[in-house]
Amino acid sequence: MSNKFYVTTPIYYVNDKPHIGHAYTTILADVLTRYHKEVGDESFFLTGLDEHGQKVKQAAEQRDMTPLDHCNDLAPRFTELWNKLEIQNDDFIRTTQQRHIDVVTSILEKVYDNGNIYMDEYEGWYSVSEERFITETEKDSGDFRDVKKLKERNWFFRMSKYQDDLIKHIEENPDYIQPESRKNEILGFLRQPLGDLCISRPKTRMDWGIEIPFDSDYVTYVWFDALINYITGIGYLSDEKSFNKWWPNAVHLIGKDILTTHCVYWSTMLLSLRLPLPKTIFAHGWWLIKKSKMSKSLGNVISPLDLVDEYGVDSVRYYLMREMVLGQDANFTMESFIKRYNSDLANDFGNLLNRVSGLIGKYFKNCVPECEKLTEADIEVKEAAQSLSSKVKSQVEAFRVNDAIEEVLQLVRRVNKYLEVQAPWKVAKEDLNRAGTILYVATEALRISAVNLAPVMPSKTKSVLDVLGAVGTGSRWGELKSGTKLKSHEALFSRLEVDKE
RNA sequence: CGCGGGGUAGAGCAGUCAGGUAGCUCGUCAGGCUCAUAACCUGAAGGUCACUAGUUCGAAUCUAGUCCCCGCAACCA
């Protein structure tokens, strides 16, 4: 009996090339998916691109391209990065694809027929230079010049109608919005009367979007369009079986900046369509650079590609997953990257492989020794290794990926200590069988550690398993076969020099 | 008094719901080991748990208040 796991990243807005934040969410989704697969769950992982809206149009104009050409040009930057990061998404959706346009069009018709879309006049502060309406708060900030009051006729979605149902759903489903502080934020937001959502833009002002089916003078507001990708991607209105299979298990991973759109806009849209709400919306924090938000204007954007090219994909995945407490902001610094790399990956994990393979090479002609009667110390290590995957599983299910990784590293450190205390290099001189048992225990614990780190570091853990002749083995104790000849190998992670900035 | 989150060793975090010797990783210092990637192991130094008052035999943890930091306050994404 396998569970089902459907995970999404936001569809990324193609007004610029991908940065570390995009990479982070996508790696997170990939890691969660791989963990679920490992315990036998069926999974579906959707990511993609949000290609409509004003900023895409502006970005295209600046490059003297049509919006679609601009998107077609940028899309491969994302897909190539995902390949490089070993992302195994099941689908890649672009909101300019016909399948998506069809779904959005049908939904608009449906909601319109239900009487939940109406025409009204919108009045607000309009920034001439930004070519958009701004909020009261934005106006008060004084960052906008050329601000004037403007009226515009538009189509509105009766979001307000669903305010009470939404509050009820959030309160009855404590896991719906995570972490809890974000749930409180939304409940606080919903204490104010909820307005209706303007879901159209007049083509005269902004024409890059999906045309409103019942009014060809307007295109769809980009969020109304974009959010629907989560159901387009699994076959809503085109493959009922697939849709029904995945949708109730949906987990939306998002950044904290798009909390309201998902928790309020998207939820009420679904309520109006009489569709179930997703299982969980999880908002993670931001990567900060020197304590400030990463932004193009500050020139502090970290390029994930450069990092991967210099340090390898596994260490980048490891660092991002280990360093961020899910839900909180984290600081990205090269110092902490190098520290993590050296202490966790090179010194603890990689070096452990060298220790056991070196000893097995020296005393057992490179063949995994027999495991004889276990002492109390051996059993302690064995039990720690046996319980590892269930500990990891429960951490992953609670979205504590950093803690899941720490569980594995605790075992790795424990094995290093075990070797120190047992000193098989001394024992081998008097009792070779006993030394063999010690090395079997240490190597088997290392193998299980690698299996449990595989979702985070698919390549390097595969190298470890390959050396041990254990590719494809699981996390059960004893799957390491005595007599297996170890393959020769390089250092798993060579230590990095610390003088780099 | 808009709403919410937070302030714990040099750094990053756990512990706070169910009060009872303040814990983890990194860094620093000393020692051990020598199988290994100057690695690994052990030990030590370092904290008035933001502040004040209260409840209690006992408070990082509960209560009240004060100070500081951060997020949200929608229709750009």
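On a predicted model such as this, the values are computed, not experimentally measured, just so you know. Throughout, protein chains are lettered first and strands after them, A, B, ... in sequence-line order, and every chain is numbered starting at 1.
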Select base, sugar-phosphate, or nothing to describe what Gln192(A) touches, counting heavy atoms under 4.0 Å on all strands.
nothing
Once you round it to whole Å, what is the distance between C1' of G71(B) and CG of Asp257(A)?
12 Å
Just call it for Leu409(A): base, sugar-phosphate, or nothing, with non-hydrogen atoms closer than 4.0 Å on any strand.
nothing
On the side chain of Glu420(A), is there an atom forming a donor-acceptor pair with the base of C35(B) - under 3.5 Å, no angle test?
yes
Measure from CG on Asp344(A) to P on G12(B) and round the result to the nearest Å.
18 Å
d(NZ, Lys339(A); P, U25(B)) in whole Å:
15 Å
What interatomic distance, in whole Å, is found between C1' of G65(B) and the corresponding atom of U25(B)?
36 Å
With distance as the sole criterion, do the side chain of Lys55(A) and the base of C76(B) form a donor-acceptor contact below 3.5 Å?
yes
Would you classify Arg201(A) as touching base, sugar-phosphate or nothing, given that sugar-phosphate means primed atoms plus P, OP1 and OP2, and contacts are heavy atoms under 4.0 Å?
sugar-phosphate
Hey, does Phe133(A) reach any base, or is it just sugar-phosphate, or nothing, if we go heavy atoms under 4.0 Å?
sugar-phosphate
Between Asp348(A) (CG) and C26(B) (P), how many Å, whole number?
7 Å
When you compare the side chains of Asn229(A) and Thr232(A), does any donor N or O come within less than 3.5 Å of an acceptor on the partner?
no
Figure out the CG/P separation between Asn402(A) and U25(B), and round it to whole Å.
15 Å
At under 4.0 Å between heavy atoms, what does Asn351(A) touch on the DNA or RNA strands: base, sugar-phosphate, or nothing?
base
Please list every stem that involves RNA chain B, where a stem is a run of 3 or more consecutive Watson-Crick or G-U wobble pairs with both pairing distances under 3.5 Å.
B:2-7 with B:67-72, B:10-13 with B:23-26, B:28-32 with B:40-44, B:50-54 with B:62-66
So what does Asp403(A) hit on the nucleic acid, given a heavy-atom distance under 4.0 Å: a base, only sugar-phosphate, or nothing?
nothing
Which residue, Phe493(A) or Arg191(A), contacts RNA chain B at a nucleotide closer to its 5' end, judged by nearest heavy atom?
Arg191(A)
How far does the P atom of A74(B) sit from the matching atom of A53(B), given to the nearest Å?
41 Å
Distance, rounded to the nearest Å, where Lys429(A) contributes NZ and U34(B) contributes P:
8 Å
Looking for any heavy atom pair under 4.0 Å, which part of the strands does Phe189(A) touch: base, sugar-phosphate only, or nothing?
base
What contact category does Ile199(A) fall into here, base, sugar-phosphate, or nothing, at under 4.0 angstrom with non-hydrogen atoms?
nothing
Using a heavy-atom cut-off of 4.0 Å across all strands, would you classify Gly124(A) as base, sugar-phosphate, or nothing?
nothing
Indicate, with a heavy-atom threshold strictly under 4.0 Å, whether Ser343(A) touches base, sugar-phosphate, or nothing.
sugar-phosphate
Quick one: which of Leu353(A), Ile438(A), Leu359(A), Val356(A) gives a side chain to side chain contact (heavy atoms under 4.5 Å, CB included) with Thr443(A)?
Val356(A)
Does a donor on one side chain sit under 3.5 Å from an acceptor on the other, for Ser357(A) and His489(A)?
yes
Can you tell me whether the side chain of Glu323(A) and the base of G12(B) have a donor-acceptor pair closer than 3.5 Å?
no
The residue, Tyr265(A) or Asn416(A), whose nearest nucleotide of RNA chain B is more 5′ is Asn416(A)
So what does Pro10(A) hit on the nucleic acid, given a heavy-atom distance under 4.0 Å: a base, only sugar-phosphate, or nothing?
nothing
